[in-house]
2 protein chains.
Amino acid sequence: MDNYRGQLDPVFHALADPTRRAVVQQLARGEATVSHLAKPHAMALPSFMKHVAVLEQAGLVVTRKSGRVRHCRLNAERLAACEAWFADQRLAWQSRFDQLDSLLTELQAGEPT
Amino acid sequence: MDNYRGQLDPVFHALADPTRRAVVQQLARGEATVSHLAKPHAMALPSFMKHVAVLEQAGLVVTRKSGRVRHCRLNAERLAACEAWFADQRLAWQSRFDQLDSLLTELQAGEPT
DNA sequence: AAAATACTTAGGTCAATAGCTAACTATAGG
DNA sequence: CCTATAGTTAGCTATTGACCTAAGTATTTT
């Protein structure tokens, strides 16, 4: 069930950069080649390629080369695994409030003065 | 609406570390003091304090000092803002599949052989 | 075949991160 | 008042990260 644990470090790290988040955002709208993805970013190609490599090593992006062109697509599963972590925390947080809630209800019931 | 944008870098960066994610996870279950949070981590206190500072600067954690003790609590809003980013991407990704889906449906309708 | 395109590799700089120890400050408890 | 506790500050080191330029490879395109 928690197979995804231990792989979150590289995913969060990959997403902690605006260039890389923009790439993910772009790829969520469809596949693209490296140079197409790179165009909006004011950066030398080798620098940009490193960002793609970081995303790929995090498992967020899958690439394949066809001729001299490299195509990239998003691996949505990885993104979902990461989102699941947030859901976990939110549940813990909320159940804490639920407990607090019932505690308050009990106190009110016990001290109706 | 997208007030949270531009603040995601430090949040993702903060979460790209297992120690800090463990702290968030712990705080989701309730407030705690710095030394209580530090106990499970095999690390010198000053090192651990830096992690807390990173979380605090990312806005994920709020601290207050009472006497010689510093109490920490989670700022769930920041966590939620981050989770919202994933939801955004997922929506874009899904709507892309919806489009593909209706395209396929159209093709099937148009070519019943 | 020559030239343009789309990466790739190599190597270098500079700043930021994660960790440490040692020494200090400010409470709390006895 | 003295000691233990809880955190803080300062300063050092090693690694990683984000860029760059220059030069190389592999594929089209002309």
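So you know, we letter chains A, B, ... as the sequences are listed, proteins then strands, and number each from 1.
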[N] OP1/OP2 closer than 4.0 Å to side-chain N/O of [X]:
| X | N | answer |
| --- | --- | --- |
| His13(A) | dG17(D) | yes |
| Ser47(A) | dC20(D) | yes |
| His51(A) | dG17(D) | no |

In whole angstrom, what separates [X]'s [atom1] from [N]'s [atom2]?
| X | N | atom1 | atom2 | result |
| --- | --- | --- | --- | --- |
| Phe48(B) | dT9(D) | CZ | C1' | 18 Å |
| Gln57(B) | dA18(C) | CD | P | 12 Å |
| Leu15(A) | dG17(D) | CG | P | 14 Å |
| Asp17(A) | dA16(C) | CG | C1' | 13 Å |
| Met43(B) | dG7(D) | CE | P | 16 Å |
| His41(A) | dC20(D) | NE2 | C1' | 18 Å |

Which parts of nucleotides 2-14 of chain C does protein reach within less than 4.0 Å, heavy atoms only, written one letter per nucleotide 5' to 3' as B for base, S for sugar-phosphate only and - for none? --BBSBBB-----
Leu8(A) side, atom CG; Leu15(A) side, atom CG - distance, nearest 0.5 Å: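 Going from CG on Leu8(A) over to CG on Leu15(A), the span is 10.5 Å.
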Spell out, as yes or no, whether a donor-acceptor pair under 3.5 Å connects the side chain of Arg96(B) to the backbone of Leu27(A).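 Looks like no, no N/O pair under 3.5 Å.
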Give the minimum heavy-atom separation between Val23(A) and Phe48(A), together with the two atoms involved.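 Taking every non-hydrogen atom into account, CG2-CZ, 3.7 Å.
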Filter on salt bridge (charged side-chain N to carboxylate O under 4.0 Å, His left out), then keep only pairs touching residues 30-46 of chain A, sequence neighbours left out; what's left?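 Applying salt bridge (charged side-chain N to carboxylate O under 4.0 Å, His left out) to every pair that reaches into residues 30-46 of chain A, excluding sequence neighbours, yields Glu31(A)-Arg64(A).
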Go nucleotide by nucleotide along DNA chain D from the 5' end; which of Thr19(A) and Ser66(A) gets its closest nucleotide reached first?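 It is Thr19(A) whose nearest nucleotide is closer to the 5' end.
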Under the ring-ring contact (aromatic ring centres under 6.0 Å, His included) test, which residues partner Phe86(A), sequence neighbours left out?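 ring-ring contact (aromatic ring centres under 6.0 Å, His included) check on Phe86(A) returns Phe12(A), Phe86(B).
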Does the side chain of Arg21(A) come under 3.5 Å of the side chain of Gln89(B) through a donor N or O and an acceptor N or O?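 The answer is no; no qualifying pair exists.
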